[in-house]
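Scroll down for the structure; my scribbles are underneath it.
Here is how names work: the chains are called A, B, and so on, in the same order as the sequence lines, proteins then strands, and each is numbered from 1.
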Protein chains: 2
Amino acid sequence: MPVPLYQARAEFFRILGHPVRIRVLDLLSDGPMAVRDLLVAIEIEPSNLSQQLAVLRRAGIVTATRAGTTVVYALSGVDVAELLRAARRILAEVLTCQNALLTELREAELG
Amino acid sequence: MPVPLYQARAEFFRILGHPVRIRVLDLLSDGPMAVRDLLVAIEIEPSNLSQQLAVLRRAGIVTATRAGTTVVYALSGVDVAELLRAARRILAEVLTCQNALLTELREAELG
DNA sequence: TGTCGGCTTGAAGAGTTCTGCAATTCCACG
DNA sequence: CGTGGAATTGCAGAACTCTTCAAGCCGACA
């Protein structure tokens, strides 16, 4: 296991670690989408969306193609959708655990 | 799909987005480990490791238990190991794609 | 009780990321 | 050519994260 791989993996996760970028990936996992439509779905400044799209593009996670006056984004082959599903499941697990723990603590406190 | 869930998922990924934290999770996915041993495996300032462990603890991803004078960390039930494996696979995919693209570009440039 | 080792916490400086405004590019259409 | 809409880029200030030093806490053991 080469050392810089830790770096690469961390960077990959860091790129996913932004609400707008997650939303974009979620939307794109249902198929390609124009920037215009992304803007309608995610209410945000156009320049901000562009910045986040650029981050995803530089990471090779999405690709952009011009279609006349609009630009269409798509997941770039890589199966990020699967990762997002896994994350959703695991997050649910974490939240459940935390709730269980909270309940436990509260009961301990009251008992 | 409630809106703040995007936030939670992004935060989760952001927590994974740090080389030291990734290494810790990798090491812990082989079983619990004392801070002392983590320090030997990951060469880093003790206080820095503690900070990163605190981040993972606050997120509910790992748990700490005292055993006399040493503290032992473990994955907190949640199956993060699976997520790490998925990420490794996907990252390999991304890197392969990027290499393929680079090769393609280089050939186009030379041809 | 005093002190030692292992770990954590607090806080500050350096560095990085995020966001919104203004300016720019690019294409289409008159 | 000039105008207009769509998207991007540059930039600057705010917000956040990382790292390290110093100080604190907690068991163990004399």
Whole-Å distance separating the [atom1] atom of [X] from the [atom2] atom of [N]:
| X | N | atom1 | atom2 | value |
| --- | --- | --- | --- | --- |
| B/L53 | C/dT8 | CG | P | 6 Å |
| A/L39 | D/dG5 | CG | C1' | 13 Å |
| A/L56 | D/dA7 | CG | C1' | 16 Å |
| B/R36 | C/dT8 | CZ | P | 12 Å |

*Quick one: do A/R85 and A/D26 make a salt bridge, cutoff under 4.0 Å?*
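Result for this pair is no, no salt bridge flagged.
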*Apply salt bridge (Lys or Arg N to Asp or Glu O under 4.0 Å) to B/E82 and list each qualifying residue two or more places apart in sequence or on a separate chain.*
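Salt bridge (Lys or Arg N to Asp or Glu O under 4.0 Å) check on B/E82 returns A/R89.
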_Would you say A/Y73 places a side-chain N or O within less than 4.0 Å of OP1 or OP2 belonging to D/dA6?_
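No, outside the criterion.
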*asked:* Taking the minimum atom-to-atom distance to the side chain of A/T70, which one of C/dG6, C/dC7, D/dA6 wins?
replied: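 For A/T70, the side-chain atoms sit closest to D/dA6.
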*asked:* As an exercise, state the distance from CZ of A/R21 to CZ of B/F13, rounded to the nearest 0.5 Å.
replied: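 Separation between the atoms: 12.0 Å.
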*Measuring from A/I61:CD1 to A/L53:CG, what's the distance to the nearest 0.5 Å?*
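Nearest 0.5 Å value for the CD1-CG distance: 11.5 Å.
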*How does protein contact run along nucleotides 9-23 of chain D, one letter per nucleotide 5' to 3', with B for base contact, S for sugar-phosphate only, - for none, heavy atoms under 4.0 Å?*
BBB-----SSSBB--
*With distance as the sole test, does B/T70 use its side chain to make a donor-acceptor pair with the main-chain N or O of B/A34 at under 3.5 Å?*
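Such a contact is absent between B/T70 side chain and B/A34 backbone.
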*Is there side-chain contact between A/V20 and A/Q51, with at least one heavy-atom pair below 4.5 Å?*
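With C-beta onward as the side chain, the pair stays apart.
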